[in-house]
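Handing you a structure now.
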Protein chains: 2
Amino acid sequence: MSEVDEALKRLTRFLDKHGLKSTSQRRLITRIFFDERFRQDHPSVEDLYVRVHAEDGRVGYATIYRTLKLLVDAGLASPSRLTDNQTRYEPDIPGEHHDHLVCTACGAILEFEEDGIEVLQEAVAQRLGFRLADHRMVLYGAPDDPCRAPACPREAVVR
Amino acid sequence: MSEVDEALKRLTRFLDKHGLKSTSQRRLITRIFFDERFRQDHPSVEDLYVRVHAEDGRVGYATIYRTLKLLVDAGLASPSRLTDNQTRYEPDIPGEHHDHLVCTACGAILEFEEDGIEVLQEAVAQRLGFRLADHRMVLYGAPDDPCRAPACPREAVVR
DNA sequence: CTATATGCAAAACGTTTGCATCCCT
DNA sequence: AGGGATGCAAACGTTTTGCATATAG
């Protein structure tokens with residue numbers, strides 16, 4: 001089953017359980033938000049609005065924001081602050097976890113997984129007397145030459 | 001020499017070098033920003049404004065923001081995004097580095113150092129073809145009972 | 001039929017900027 | 001004297017909210 005379908009099913013279950021309604025807007029936003037090609041660009045709220053609005057011209061920002069909040073409550077998305085001044089949301093896909101590296105030259109965002117770090121984070125939390133619930137990690141760095149970021153706009157690279 | 005004095009010296013050197021001026025506002029803001037008791041609460045820009053404004057009622061937000069930007073340019077501070085919607089700034093004190101753990105029960109912010117994680121971060125960056133410039137790491141967790149966070153307001157703890 | 005969701009526009013929020021005035025150097 | 005710095009208020013971009021209307025259950 002695709003991640004989109006999986007997400008729609010989880011959303012429906014959450015709505016049912018809480019007496020909330022399954023509307024065409026919520027389904028559309030969820031469909032686009034979980035679309036593989038779309039989500040890999042780490043879209044901003046504005047990006048999401050543009051894409052949703054293109055498919056249904058009546059949908060405004062308020063619904064986008066309200067639905068994103070809903071997805072967070074439903075455990076389907078998490079807010080992440082990778083860049084300044086703009087909240088980006090990321091789909092929570094069961095069994096998947098990654099952190100980010102932001103290229104200081106071109107702004108490209110890469111994902112990575114490193115289990116060793118996760119283990120040490122657990123250890124730190126335990127040492128401080130906490131049960132770890134979540135974490136955010138972002139690395140910032142300059143690329144070797146040539147830049148290996150998949151989304152690197154070469155013209156923009158400054159060294 | 002205290003961190004405040006150290007910071008004021010570094011600021012003066014930076015100002016001199018760039019033909020900028022040492023004003024009473026810049027010195028006051030720097031003094032408070034680096035004050036040990038003050039900075040340990042991870043103050044927001046508003047917190048800083050309130051404290052500065054109390055000592056010099058003519059200082060407005062614009063000067064706070066402009067001076068914080070200046071401190072960043074001078075390498076004396078870094079913006080950090082620990083909480084939603086509000087940029088917090090942290091003093092850069094030579095030889096000190098730590099990451100943060102945010103208590104999900106009371107909001108207290110703890111600091112920690114874990115060299116093993118730093119080593120692995122370097123390794124990840126190298127693997128992806130980047131030279132690591134900086135990083136942000138925030139852990140979120142619920143406290144054991146009793147909560148060991150120094151700034152934990154016990155009344156607010158929910159379990 | 002009723003409660004929830006939507007769309008719009010206005011408000012709110014943190015942050016930045018234009019401009020006249022001030023004050024270091 | 002002159003260029004940079006300040007204070008104020010207005011502008012800005014993002015996010016939230018009030019309210020009348022529409023729609024799912």
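Any value given below was found using the heavy atoms of this structure, including those in side chains, with hydrogens, waters and symmetry copies removed.
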- Task: Have a look at B:Arg58 and say if it touches a base, only the backbone sugar-phosphate, or nothing, with a 4.0 Å heavy-atom cut-off.
- Result: sugar-phosphate

- Task: Nearest-nucleotide wise, let me know which of B:Leu15 and B:Gly57 is further upstream toward the 5' end of DNA chain D.
- Result: B:Leu15

- Atom-pair distance (CG on B:Leu48; P on C:dT15), nearest Å: 12 Å

- Query: Taking the side chain of B:Lys21 as heavy atoms from C-beta outward, which of D:dG2, C:dT17, C:dT16 is closest to it?
  - Reply: D:dG2

- Query: What does B:Arg66 touch in the nucleic acid at a heavy-atom separation under 4.0 angstrom: a base, only the sugar-phosphate, or nothing?
  - Reply: base

- Query: At under 4.0 Å between heavy atoms, what does B:Glu46 touch on the DNA or RNA strands: base, sugar-phosphate, or nothing?
  - Reply: nothing

- Proximity to the side chain of B:Thr23 - top-ranked nucleotide from C:dG7, D:dA5, D:dT15: D:dA5

- Message: Using whole Å, what does the distance between atom P of nucleotide C:dC22 and atom CZ of B:Arg26 come to?
- Response: 18 Å

- Message: Hydrophobic clusters here meaning ILVMFWY residues chained together by side-chain heavy-atom distances under 4.5 Å, can you tell me if A:Leu8 and A:Leu48 are in one?
- Response: yes

- Query: Whole-Å distance between D:dT6 C1' and B:Ile64 CD1?
  - Reply: 12 Å

- Criterion side chain to side chain contact (heavy atoms under 4.5 Å, CB included) on A:His53 and A:Arg58, from CA distance to verdict: CA-CA 7 Å; A:His53 193 82; A:Arg58 288 167 316 167; over 6 Å; no

- Between CG of A:Leu68 and C1' of C:dA5 the distance, given in whole Å, is 15 Å

- Closest of D:dT15, D:dG7, D:dT17 to the A:Ala62 side chain is D:dT17

- Message: Using whole Å, what does the distance between atom C1' of nucleotide C:dT25 and atom CZ of B:Arg27 come to?
- Response: 13 Å

- To the nearest Å, give me how far apart CG (A:Leu71) and P (C:dA5) are. 13 Å

- Candidates D:dT15, C:dG7, D:dG7 - which lies nearest the side chain of B:Gln25: D:dG7

- Item | Nearest-nucleotide 5' precedence on DNA chain C, B:Asp16 against B:Tyr65 | B:Tyr65

- Task: Could you tell me whether the phosphate oxygens of D:dA5, OP1 or OP2, come under 4.0 Å of any side-chain nitrogen or oxygen in B:Thr63?
- Result: no

- Take atom CG of B:Leu20 and atom P of D:dT6, then tell me their distance rounded to the nearest Å. 10 Å

- Lys/Arg-Asp/Glu bridge criterion (N-O < 4.0 Å) met for B:Glu90, B:Arg39: no

- Message: Checking B:Asp99 against B:His135: is there a side-chain donor and acceptor pair closer than 3.5 Å?
- Response: yes

- Task: Decide, yes or no, whether a salt bridge links B:Glu6 with B:Arg10 under the criterion of side-chain N to carboxylate O below 4.0 Å.
- Result: no

- Send over the distance from B:Leu70 CG to D:dG4 P, rounded to a whole Å. 14 Å

